[in-house]
Structures are given as C-alpha cells and as structure tokens.
Amino acid sequence: MDLKKLRKKMRKVQDEPRYEHTLSVAYTAANLAAVHGGNVEKALRAGMLHDCAKCLPDHDKLELCKKYHIHVSDMERRNPSLLHAELGACLAKELYEESDPDVLNAISSHTTGRPDMSLLEKIIFVADYIDPGRTKGTHLREIRKMAYEDIDRAVVRILRDTLEYLVKTKTDIHPGTQRTLDYYLKHEKVS
C-alpha cells in the first residue's frame, strides 16, 4: 500500500494524538534510515504502521490475539497494551497489505526490542522512543543525539532507561526487554 493511502487509513483508526505520534515516528525513522544507510521507504512504512493496533480496546486486542494465535502471557493479559506490537504486525499484514518481513519484524519488536535486531528494527525501536513529541524520558536529549551517531548505543541506553523506570515504578517488566538488553551488552560491545 502506498504511503498516501496508509496515512489516510491510520488517520481513520487512530485518535489525533496517536496519529500525530505515528507521523512523527515515521519521519524520524526515515531520517534515521537516511543517516544509517537504511531503506527510507521501508522506515516510513514501518513507522506509519508501528502503532496500528494501539488504539484498539483491550478486549479486542485479546480477541484478535486468539484469532492470530498469538500467545498471551499472564502479564500481557493484565496489561493488554503490551500486545499492540505483535498484534500490529499481524494487522499490518492482513489489513494494510504489508508483506515485507523486515517491516513486520520492526512493528512486532518496537516496544521490547529483540536480540539481533535488523537495522530497520533498531530504527523503529529508537524512533518510537525519541519521537520529537515525547517529553518524558530520563536521558531523552542525550539519546536523541546518540541515535544519529551510534544506533546500537541508543538501543542500549533506551533499554537501560526503560528497565530502570519499570523497576522504579514497580511496573511489570516484559522478559523480552531484559533479554534484548542482555544480548546487546554481550554481543555488540556497547556500554
């Protein structure tokens, strides 16, 4: 589906703040892709689709997970918003005609990351976090600068800050987040 049609469809299914965030992430992802030698068009599509399941009511998310055979953990059942990434990849494929596996993986992993992410996955993960409309984040200014210099370091900083925040607020930690950080600390030699 071309980007113009995709924008129109996202505008219909997202509330205004989510739609603004979506546009911002898409353009931030395109910029990151241009800087890091990624595919700008794929970054735009993944950015436009990354939250395509975010505005669904929790009950609908749970029902759609059954339809797409997505395993739902007890933690995700308590916090269905955690399901929007993996569910979003399914909806992107079925409703928005996205067939590129890298784009679908980028949508699926944009909240927790995953070990051994592709460049596009890292770009969407980082772009979602550094969205210019976002104002909260411990090291946001530093991460925004870092994202254009060393995307791997930005990924690690985001993961660390996310885990620190979740511990501090006594919020459930998705095991994928810790697994992703452990992988990058071990394999990417970033600190």
Side-chain angles (χ1 to χ4, degrees), residues 1-3 5-26 29 42-129 131 134 155 158-159 162-163 165-167 169-184:
M1 182 175 300
D2 74 23
L3 285 168
K5 285 182 185 175
L6 203 48
R7 273 195 307 275
K8 285 181 181 178
K9 287 193 177 250
M10 287 304 106
R11 183 167 217 129
K12 288 180 184 176
V13 298
Q14 295 178 330
D15 58 30
E16 191 63 27
R18 182 61 45 196
Y19 180 69
E20 291 299 321
H21 167 73
T22 292
L23 289 177
S24 184
V25 169
K42 282 186 184 186
L44 280 167
R45 287 198 332 262
M48 287 300 300
L49 288 165
H50 85 284
D51 274 351
C52 68
K54 184 79 170 185
C55 290
L56 293 171
D58 289 346
H59 178 268
D60 291 354
K61 286 184 185 107
L62 291 166
E63 286 301 311
L64 285 166
C65 283
K66 286 180 193 172
K67 175 184 175 181
Y68 292 113
H69 309 288
I70 297 171
H71 172 74
V72 178
S73 69
D74 290 338
M75 180 181 65
E76 291 165 330
R77 201 168 302 289
R78 289 190 307 272
N79 303 297
S81 66
L82 295 171
L83 298 169
H84 83 276
E86 191 172 353
L87 179 58
C90 294
L91 295 180
K93 186 174 185 176
E94 185 172 304
L95 300 179
Y96 303 107
E97 304 167 15
E98 183 54 60
S99 60
D100 187 294
D102 200 21
V103 171
L104 296 172
N105 286 336
I107 296 165
S108 183
S109 64
H110 84 269
T111 55
T112 62
R114 72 175 183 86
D116 200 24
M117 287 187 282
S118 70
L119 176 60
L120 180 61
E121 288 175 282
K122 293 174 192 176
I123 285 170
I124 298 304
F125 178 80
V126 171
D128 186 40
Y129 193 87
D131 162 18
R134 192 180 296 269
V155 166
I158 291 166
L159 290 163
T162 299
L163 288 166
Y165 172 80
L166 294 173
V167 168
T169 59
K170 296 180 171 64
T171 305
D172 286 339
I173 296 173
H174 192 287
T177 307
Q178 186 65 58
R179 216 174 13 254
T180 303
L181 177 59
D182 293 344
Y183 173 86
Y184 282 98

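Taking each heavy atom of M75 and H174 in turn, the nearest pair found is CE-CA, 3.2 Å.
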Working for side-chain contact (heavy atoms from CB on, under 4.5 Å), residues L64 and C90: CA-CA 9 Å; L64 285 166; C90 294; over 6 Å; no

Residue pair L159, T177: steps toward the side-chain contact (heavy atoms from CB on, under 4.5 Å) verdict: CA-CA 7 Å; L159 290 163; T177 307; 3.8 Å; yes

Step-by-step salt bridge (Lys or Arg N to Asp or Glu O under 4.0 Å) determination, R179 to D182: CA-CA 5 Å; R179 216 174 13 254; D182 293 344; over 6 Å; no

side-chain contact (heavy atoms from CB on, under 4.5 Å) between V13 and Y96, worked out: CA-CA 12 Å; V13 298; Y96 303 107; 3.7 Å; yes

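A donor-acceptor pair under 3.5 Å links the side-chain atoms of T180 to the main chain of T112, judged by distance alone. Formation of a donor-acceptor pair under 3.5 Å by the R114 side chain with backbone atoms of G176 is not found in this model. With K93 contributing its side chain and P101 its backbone, the two residues share no donor-acceptor pair below 3.5 Å. In this structure a side-chain-to-backbone donor-acceptor pair under 3.5 Å is missing from S108 to L104. Without hydrogens or angle criteria, K61 side chain to S81 main chain gives no donor-acceptor distance under 3.5 Å.
Applying the side-chain contact (heavy atoms from CB on, under 4.5 Å) rule to R7 yields the partners L3, K4, Y19, L23, Y27, M48; only residues at least two apart in sequence or on another chain are considered.
The ring-ring contact (aromatic ring centres under 6.0 Å, His included) contacts involving residues 47-78 comprise H21-H50, H50-H110, where partners must be two or more places apart or lie in separate chains. Residue pairs satisfying the salt bridge (Lys or Arg N to Asp or Glu O under 4.0 Å) criterion with at least one member in residues 96-105, sequence neighbours excluded, are listed as follows: K42-D100, R45-E98.
One side chain, S24 or D131, offers a donor N or O that lies under 3.5 Å from an acceptor on the other.
Note that SG of C52 is 5.0 Å distant from CG of L91, once rounded to the nearest 0.5 Å. We find the CG-OG distance between D116 and S109 to be 11.0 Å, quoted to the nearest 0.5 Å. Expressed to the nearest 0.5 Å, how far CG of L56 lies from CG of D51 amounts to 11.0 Å. To the nearest 0.5 Å, atoms CD (E121) and CG (L119) are separated by 10.0 Å.
Counting heavy atoms from C-beta outward, M10 and L49 have side chains that approach closer than 4.5 Å. At a threshold of 4.5 Å between non-hydrogen side-chain atoms, the residues T171 and N79 do not count as touching. Proximity of R78 to D74: side-chain heavy atoms (C-beta onward) are separated by under 4.5 Å at one or more points.
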